[in-house]
Structures are given as structure tokens and as C-alpha cells.
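So the structure is just underneath, and the comments pick up after that.
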Amino acid sequence: MKVLVPVKRVVDYNVKVRVKADNSGVDIANVKMSMNPFCEIAVEEAVRLKEKGAATEIIAVSAGVAQCQETLRNAMAIGADRGILIETDVELQPLAVAKLLKAVVDREQPQLVILGKQAIDDDANQTGQMLAALLGWGQATFASKVEIEGNTAKVTCEVDGGLETISVKLPAIITTDLRLNEPRYATLPNIMKAKKKQLDTLKPADLGVDVTPRLTTLKVEEPPKRKGGVKVADVAALIDKLKNEAKVI
Ligand code: AMP
């Protein structure tokens, strides 16, 4: 079974993002970029499926600027067999990414695509679902456990007050939640090996996809600054403030 794992290059989760002075977006100049954490979980899950004998080949694919190569090398250091970069400087929105991924699926014919449930930059949580719709495949989103049984995937997802387990016929789309696994660290020998793995580069036009953005960002603003707190003398003063100032009780 071939597994395709789309990985996105995003601002590292430790970076405190800043809004550009002209409010046109977030400043990503000279900011540390890394693989989206949910995509790391997706790569790890694919590697575990390969280790269990359920997967035979793992292909990592990333769409974006040339530096996404680093993200792909990282995926290959974790255990992906090869990488595909769809190179473009155009700002990609989820529908464009889903169309690009559909074209890659048509070429590579994987039985399973494992994506992150969301990218931590735009928090869209759309690409996996859109890809499932474009392909007409079943989808199991927010996976916290994945088991492959013959021609089906048994996928568990955390829901309010419990766990829901569904069965999807392959080929299918799975998106990963945080507790699915803990991704391994890439070891130095594996980082070195990853440098020699195959990495093909395509352009959106090679896949016949128009990636022109459909949405325009009007304005990006910082959240309002939190006002300082006050210490109240006793419970009576607290109740008084909640009642008469905050008007919440
Ligand atoms: P989103 O729908 O943008 O929140 O992203 C969900 C998932 O879609 C990510 O975790 C990735 O697996 C995949 N994805 C989104 N954008 C890209 C991209 N530019 N290149 C590769 N995969 C992507």
C-alpha cells in the first residue's frame, strides 16, 4: 500500500507571530519555519504503518516556496521514502492545495492519504476534507488511532464524552489529531540518508492546476491587549465587582 503524506511548511510553533505594520498579514521574514506539527504526526503514522508491514512506500508532498524542500527532507529523515515538491510562490489556499494533491493522487495512485487535521498558521482545517470530496473518497478526520485491516481502515476519533470508531473503505483520507502518536526525532544518520532520497519538483502548471487565490485577506489585527487585573479585599468585594462592574452575575 502506497501512502501519500502532504506536509506543510509553517511558522514554528514556538515563534510569537507579529502582525505586519500595514495589517496585510503576519510577518514571516526571518522567522523560524518548521513542519506543521500535525503533518509530523501524519508522517510518523505512515512510518509506523510501514514498520507494521501495512504500507510499502511513503511519499511526502509539499506545495509552496522552494524552501519547502527542507520540510520534505525532514519528512524523509523521519522515514518517508521520497518527496514531491510542488513549487510556487503564489500564496496557496486550501482549495488550491486540495486540487494539487488530487492531481498527485491521480499520478501516484496511493491507497491512503494521511494529512494533518489543520495547519497551525491559517488554522483552516479544510484541505483533507476538500481532497476527499474532489476524489470522491471516504474520510476519517481527527484520528487518534488508526488500524488497517485488509481493505479498510478502522479509525478512532475523540468526541465529546468519549471515542468514536469508524470503518472506511480504502482508498481513503485520514487526518491526524494530536494524540495519534508522538513523532520520533530524526537521528543524524537518518538526516544524512534523507539527503540522498529522491525529491522531484513540479510546478502547478505541470499538474494542470490554477492556484490563483479565491479569497482576499482584508485585514489582520492583533487581539486586543489584556487589561491588568486587580486584587480584591474579600469575597464580598469580588461579588460586588462581578455584579456591578463586569455585570456577569
Ligand atoms: P489546512 O486545511 O490548511 O488547515 O491544512 C490541513 C493539512 O493539509 C495540513 O496538515 C497538511 O497535511 C495539508 N496541507 C495544507 N497546506 C499544504 C501545503 N501547502 N503543502 C502540503 N500539504 C498541505
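Ligands are counted one by one from 1 in listed order, and the atoms in each one are counted from 1 as well.
Interface of Leu115 with ligand 1, defined as ligand atoms under 4.0 Å from a residue heavy atom, comprises 8 (O), 12 (O), 13 (C). Short contacts between ligand 1 and Val61, defined as distances under 4.0 Å to a heavy atom of the residue, involve ligand atoms 21 (C). Every atom of ligand 1 with a heavy atom of Asn125 under 4.0 Å away is listed here by number and element: 1 (P), 2 (O), 4 (O). Counting atoms of ligand 1 from 1 in the listed order, those under 4.0 Å from a heavy atom of Cys39 are 9 (C), 10 (O), 11 (C), 12 (O). Near Ala119, meaning under 4.0 Å from any of its heavy atoms, are these atoms of ligand 1: 1 (P), 3 (O), 4 (O), 5 (O), 6 (C). In summary, the atoms of ligand 1 found under 4.0 Å from a heavy atom of Ala124, numbered by their order in the structure, are 1 (P), 2 (O), 3 (O), 4 (O).
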Start with the C-alpha distance between Glu245 and Lys227, add both sets of side-chain angles, then the distance that settles salt bridge (Lys or Arg N to Asp or Glu O under 4.0 Å), and finish with yes or no. CA-CA 14 Å; Glu245 271 181 40; Lys227 296 192 193 108; over 6 Å; no
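In terms of polar-atom proximity, Val97 is not counted as a contact of ligand 1, lacking any N or O under 3.5 Å from an N or O of the ligand. Annotation: Asp123 places no N or O atom under 3.5 Å from an N or O atom of ligand 1; distance criterion only. For ligand 1, one of its N or O atoms has an N or O atom of Ala63 under 3.5 Å away.
Cluster membership for Met130 and Ile86, using ILVMFWY side-chain heavy atoms within less than 4.5 angstrom, is not shared. The cluster map of Ile, Leu, Val, Met, Phe, Trp and Tyr, joined by side-chain heavy atoms under 4.5 Å apart, puts Leu202 and Val113 in the same cluster.
Atom NZ of Lys2 sits in a crowded spot, with more than 12 heavy atoms from other residues, nucleotides or ligands closer than 6.0 Å.
The shell of residues lying under 4.0 angstrom from ligand 1, judged by heavy atoms, excludes Ala42. Remark: distances from the non-hydrogen atoms of Ser62 to ligand 1 include one below 4.0 Å.
Atom CD of Gln198 sits about 12.0 Å away from atom CG of Leu72, to the nearest 0.5 Å. Going from atom CG of Leu95 over to atom CD of Gln93 covers 8.5 Å, rounded to the nearest 0.5 Å. Between the CD atom in Gln111 and the CD1 atom in Ile148 there is a gap of 10.0 Å [rounded to 0.5 Å]. The structure places CG of Asn244 at 11.0 Å from CD1 of Ile239, a figure rounded to the nearest 0.5 Å. The CE atom of Met76 lies 10.0 Å from the CG atom of Asp81; values are rounded to the nearest 0.5 Å.
Closest to atom 7 (C) of ligand 1 among all protein heavy atoms lies Gly116 O, 3.3 Å. The nearest protein atom to atom 16 (N) of ligand 1, hydrogens excluded, is given as Lys8 CD, 3.3 Å; this is a heavy-atom distance. Ranking the protein heavy atoms by distance from atom 22 (N) of ligand 1 puts Pro6 CB, 3.4 Å first.
Counting heavy atoms under 4.0 Å from ligand 1, residue Val7 touches it through the backbone alone. If you look at Thr127 next to ligand 1, the close heavy atoms, those under 4.0 Å, come from the backbone and the side chain alike. At a heavy-atom cutoff of 4.0 Å, ligand 1 is contacted by the side chain of Asn36 but not by its backbone.
Not a single donor-acceptor pair under 3.5 Å links the side chain of Glu108 to the backbone N or O of Leu4.
Under the 4.0 Å criterion applied to side-chain N and carboxylate O atoms, Glu158 and Lys117 are not assigned as salt-bridge partners.
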